[in-house]
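The structure appears below as structure tokens.
Reckoned from all heavy atoms, side chains included, excluding hydrogens, waters and symmetry mates. In what follows, chains are A, B, ... by sequence order, proteins preceding strands, each numbered from 1. Keep in mind it's a predicted model, so treat the numbers as computed, not measured.
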Number of protein chains: 2
Amino acid sequence: MIRLLLADDQALVRGALAALLDLEPDLEVVAQVGRGDEVVTAARESAADVCLLDIEMPGLSGIDAAAAVRRELPGVRSLIVTTFGRPGYVRRALDAGAAGFVVKDTPARQLADAVRRVHAGLRVIDPHLAAESLIDGPSPLTERERELLTHALDGAPVATIAARVHLSEGTVRNHLSAAIGKTGASTRSEAARIAQDRGWL
Amino acid sequence: MIRLLLADDQALVRGALAALLDLEPDLEVVAQVGRGDEVVTAARESAADVCLLDIEMPGLSGIDAAAAVRRELPGVRSLIVTTFGRPGYVRRALDAGAAGFVVKDTPARQLADAVRRVHAGLRVIDPHLAAESLIDGPSPLTERERELLTHALDGAPVATIAARVHLSEGTVRNHLSAAIGKTGASTRSEAARIAQDRGWL
DNA sequence: GCCGCGTGATGACAGGTGTCACGTGGACGT
DNA sequence: ACGTCCACGTGACACCTGTCATCACGCGGC
């Protein structure tokens, strides 16, 4: 019997996944959480074997949660189950110690298999995403560029961004100009969107 | 026995919801589709009573699918089940003939109840969203403003947008300026993001 | 030591952007 | 017929932005 923990911020999806996985005779959902920062304690208390983690969650992202599980509970394996097939996410998830990466539009029956393989010590990675991840390569952005792009995501003017990060307006424009070049965009908003699509933020 | 059709572009979520709802003794999932433009034919062939529709789907949005169901199959009721609680969506969904509107982070056990109420001829609307929808009121944007904002979503420069819609650059700037005023934003990207958040696009 | 690189900053310049005034025309309601 | 609203356009103006050159500092690698 494989003991599972589910982490997803959407209660309906969480409950539905639990119903789906509980149908399998060798799987048992022993814990459900809606926040990333509750994963480790819930996994410890429920003695879970495998954690299914969404990425977009309040408190702590699924990737960071996987890293925390890796650090705090070395025997427990993490499987990322996410909506967005951002190439950059795959690499970051694996670096964080996740054992698998599956997108939410894979057929439902394959999920149980993925769980079993992860539990058996294998790695499960969506093949399509693995290819994209290799093509794109790692993020070319520096830490500052990444940070400034996240602030540019909502379309704020440069002056606002500069105030938020306590930097000179000129410096902000320089960093963003570099980011625009690296993403192949022509405005900072476009650059921010591209970087987000690739999982660089 | 209430016969259900599920429409969601994420196969995993679709399958999981099916597993969850099939647990209820009086509910039966008789069809599953991943595209909005397959809803009507699948509902007709499977003789469904209630359609659960996600909004973001390829082919046709869940809202447009609800309108099509209303038109083609008058006896069938639609329940929108979506990730995003955009206030503007609620009004548009009801105008399109949907009988209910639920967000995906409602507790799983409430979904079956919502289905039963919709089937009984009642209307089910997330109370929190209903309030927000009333506060915001309907979209103040004109059709052109709405269209131009969608093109501004990815941060494209004005010249690109003007070329895409075959308009003068000056006209595009005038419309976007009006949209910026109506949204309370200070750049077109910010205006686009605000409008999207409110379900005005 | 020196080089490369990230970070922070300044100044200058061309071009993009938001705003406003103003004009035209068509659709719609009264 | 008239007013109102929307769409579309032009021109002008101030301001914002993206780019580039140039400087300085700290850090790690060969």
Side-chain angles (χ1 to χ4, degrees), chain A residues 88 91-92 95 136-201, chain B residues 88 91-92 95 136-201:
Chain A
R91 175 178 299 264
R92 283 201 277 150
D95 288 349
D136 281 13
S139 166
L141 302 175
T142 70
E143 175 54 26
R144 263 302 190 218
E145 289 159 6
R146 192 199 62 76
E147 184 192 3
L148 292 181
L149 279 183
T150 64
H151 288 288
L153 260 181
D154 58 7
V158 170
T160 306
I161 301 176
R164 283 207 287 238
V165 296
H166 306 294
L167 281 179
S168 150
E169 257 184 68
T171 303
V172 170
R173 280 191 286 158
N174 284 339
H175 284 305
L176 286 177
S177 181
I180 289 170
K182 289 176 181 177
T183 51
S186 54
T187 66
R188 65 180 177 288
S189 326
E190 192 182 356
R193 192 150 281 260
I194 291 173
Q196 184 178 242
D197 276 356
R198 300 196 182 157
W200 291 349
L201 302 187
Chain B
R91 176 177 297 263
R92 283 202 276 150
D95 288 349
D136 281 13
S139 166
L141 302 175
T142 69
E143 174 53 27
R144 260 305 189 216
E145 289 161 4
R146 193 200 61 77
E147 183 192 2
L148 292 181
L149 279 182
T150 64
H151 288 289
L153 261 180
D154 57 8
V158 171
T160 306
I161 301 177
R164 284 208 286 238
V165 295
H166 306 295
L167 281 179
S168 150
E169 257 183 69
T171 303
V172 171
R173 280 192 287 160
N174 283 339
H175 284 305
L176 286 177
S177 181
I180 289 171
K182 289 176 181 177
T183 52
S186 54
T187 66
R188 65 179 178 288
S189 326
E190 193 183 355
R193 191 151 282 261
I194 291 172
Q196 184 179 242
D197 277 355
R198 299 197 183 156
W200 291 349
L201 302 188

Separation of Glu145(B) atom CD from dA7(D) atom P, in whole Å?
-> 6 Å

Between His151(B) and Arg164(B), does any side-chain donor sit less than 3.5 Å from a side-chain acceptor?
-> yes

Quick one: closest heavy-atom pair of Ala185(B) and Ile194(B), and the distance?
-> CB-CD1, 4.0 Å

Does any donor-acceptor pair link the side chain of Asn174(B) with the base of dC8(D) at a separation under 3.5 Å?
-> no

Can you pull out how bent the helix from dG1(C)-dC30(D) to dT30(C)-dA1(D) is, comparing the axes over its first five and last five pairs, to 10°?
-> 40°

Could you tell me the separation between the CG atom of Asn174(A) and the CD atom of Glu145(A), rounded to the nearest 0.5 Å?
-> 10.5 Å

For Thr142(B), report the nucleic acid contact type (base, sugar-phosphate, nothing); a contact means any heavy atom under 4.0 Å.
-> sugar-phosphate

Touch class at under 4.0 angstrom, heavy-atom based, for Arg173(A) against every strand present = base

Find which nucleotide of DNA chain D each of Ala185(A) and Ser168(B) is nearest to by heavy atoms, and output the residue with the more 5' nucleotide.
-> Ser168(B)

Of the nucleotides dG18(D), dG9(D), dG16(C), which has the atom closest to the Pro157(B) side chain?
-> dG16(C)

Atom pair CG (Leu149(B)) and NE2 (His175(B)), whose distance is rounded to the nearest 0.5 Å = 11.0 Å

Could Arg146(B) and Glu143(B) be called an ion pair, given the rule that one side-chain N must be under 4.0 Å from one carboxylate O?
-> yes

Take the protein atom CD1 of Ile180(B) and the nucleotide atom P of dG16(C), then report the distance between them rounded to whole Å.
-> 17 Å

Ser177(A) or Gly170(B), whichever maps to the more 5' nucleotide of DNA chain D | Gly170(B)

Using whole Å, report how far NE2 of His175(B) lies from C1' of dC5(D).
-> 12 Å

To the nearest Å, give me how far apart CD (Glu169(A)) and P (dT10(C)) are.
-> 10 Å

Calculate the interatomic distance between Leu141(B) atom CG and dC5(D) atom C1'; express it in whole Å.
-> 15 Å

Which part of the nucleic acid, if any, lies within contact of Leu176(B), taking any heavy atom under 4.0 Å across all strands shown: a base, the sugar-phosphate backbone alone, or nothing?
-> nothing

For Thr187(B) and Gly155(A), which heavy atoms make the closest approach, and how far apart are they?
-> OG1-O, 2.6 Å

Would you mind reading off the distance between Ile161(B) atom CD1 and dT17(C) atom P, rounded to a whole angstrom?
-> 8 Å

Which heavy atom in Lys182(A) sits nearest to a heavy atom in Pro140(A), and how many Å separate them?
-> NZ-O, 3.1 Å

Quickly work out the Glu147(A) CD to dG8(C) C1' distance and round it to whole Å.
-> 13 Å

May I have the distance from Arg144(A) (atom CZ) to dC5(C) (atom C1'), rounded to whole angstrom?
-> 16 Å

